[in-house]
Amino acid sequence: MGPSGLVRVLVLQIMPATSSNKPYRVARSKTGLGLFATKPIKKGTRIIRYFGPILDSRIPAHDEIENKYLFELNGRWTIDGSVRKNLARYINHSCRPNAESDVRPRERKVFIRAIRNIEPGDEINYDYGTDYFKAYLKPIGCKCPSCEAKRKKLRAEARAERTKVKARTEAKAKKTGAKAGKKKLNGHAVGKKNGRARA
Ligand SMILES: [Zn+2]
């Protein structure tokens, strides 16, 4: 476990439990709140249901509802996941997720399912999809661990490049300086002057 894992475990211990028999709980994540595993979750396991009132786009009053927890099932049906009891609404987006949304339009149900083995302390996340990414995440820069790691790598590469350029520039300056120094030394009538002073 790395240092960040340790911090995560500490955070989990401080945060109040939301439900002790469930393999997850809500805890502080880098970008606000998130849903974190409290027990090992095997790949393929149905973790939690994303639920809330079903909205029908053909009903104008339904169609007017706007919040960031709307989960579109298809052109007609949408789940309004903004209800408090829907803990799945805390699950953050990731471009390299450990879970996925299993959308069942006919049943009008959505389940979040593990697509990798998830360890206690891991944040659970799924890919919100291209539309959401383009509309909400791309403009502000995606803060998911995968994108953060990518940015960190790019920053490190930029830093390494700057160091290389600096070293090259310094080496060049030294060379030029040495040449200039030699020239000065050659131009100097060292022997004569010193000889005179000593005499
Ligand atoms: Zn991302």
Side-chain angles (χ1 to χ4, degrees), residues 1-15 18 22-52 65-75 77-84 86-105 109-162:
M1 191 192 289
S4 64
L6 205 71
V7 170
R8 241 186 278 161
V9 170
L10 288 174
V11 168
L12 289 177
Q13 280 166 352
I14 296 161
M15 295 297 286
T18 46
K22 304 281 188 201
Y24 51 76
R25 72 193 347 178
V26 176
R28 201 155 289 150
S29 82
K30 268 188 183 168
T31 52
L33 291 172
L35 203 70
F36 291 77
T38 53
K39 294 171 184 171
I41 301 171
K42 274 234 163 78
K43 179 181 173 179
T45 308
R46 193 182 274 183
I47 306 168
I48 189 172
R49 185 177 156 196
Y50 192 101
F51 71 96
I65 293 174
E66 190 59 72
N67 65 62
K68 62 174 183 168
Y69 300 110
L70 297 180
F71 199 118
E72 215 176 278
L73 292 169
N74 56 29
W77 305 106
T78 295
I79 296 173
D80 180 3
S82 63
V83 291
R84 276 188 67 131
N86 177 33
L87 293 184
R89 77 186 194 279
Y90 288 110
I91 302 176
N92 291 310
H93 162 89
S94 174
C95 297
R96 201 176 161 274
N98 52 17
E100 67 176 4
S101 56
D102 177 9
V103 186
R104 301 172 174 226
K109 281 180 183 171
V110 170
F111 296 100
I112 307 303
R113 189 172 50 200
I115 53 170
R116 286 195 267 145
N117 289 331
I118 303 173
E119 301 302 326
D122 284 355
E123 181 168 1
I124 299 163
N125 36 42
Y126 64 90
D127 191 340
Y128 283 9
T130 324
D131 291 344
Y132 187 96
F133 190 90
K134 274 188 195 154
Y136 297 102
L137 299 172
K138 212 172 171 196
I140 56 162
C142 182
K143 305 273 193 307
C144 87
S146 165
C147 287
E148 286 286 10
K150 238 182 264 169
R151 264 196 294 274
K152 205 173 159 189
K153 195 175 164 232
L154 285 176
R155 276 200 301 269
E157 280 169 6
R159 208 160 36 233
E161 183 57 30
R162 277 199 302 274

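FYI, the numbering just counts along the sequence from 1. What you see is a predicted model, and the numbers here were worked out from it, not measured in a lab. As the structure lists them, so they are numbered: ligands from 1, and atoms in each ligand from 1.
Formation of a donor-acceptor pair under 3.5 Å by the R89 side chain with backbone atoms of R84 is found in this model.
In the displayed structure, R104 atom CZ is contacted under 6.0 Å by more than 12 heavy atoms of other residues, nucleotides or ligands. Open room surrounds CG on D131; 12 or fewer heavy atoms of other groups in view lie less than 6.0 Å from it. Enclosure of atom OH in Y136 is not indicated, since only 12 or fewer non-hydrogen atoms of other residues, nucleotides or ligands lie within 6.0 angstrom.
Centroid-to-centroid, the aromatic rings of Y128 and Y126 come within less than 6.0 Å.
Under the 3.5 Å distance criterion, with hydrogens and angles disregarded, no donor-acceptor pair is assigned to the side chains of N98 and D122.
Listed by chain and number, the protein atoms of type N/O/S under 2.8 Å from the Zn ion (ligand 1) are C95 SG, C142 SG, C144 SG, C147 SG; waters are omitted.
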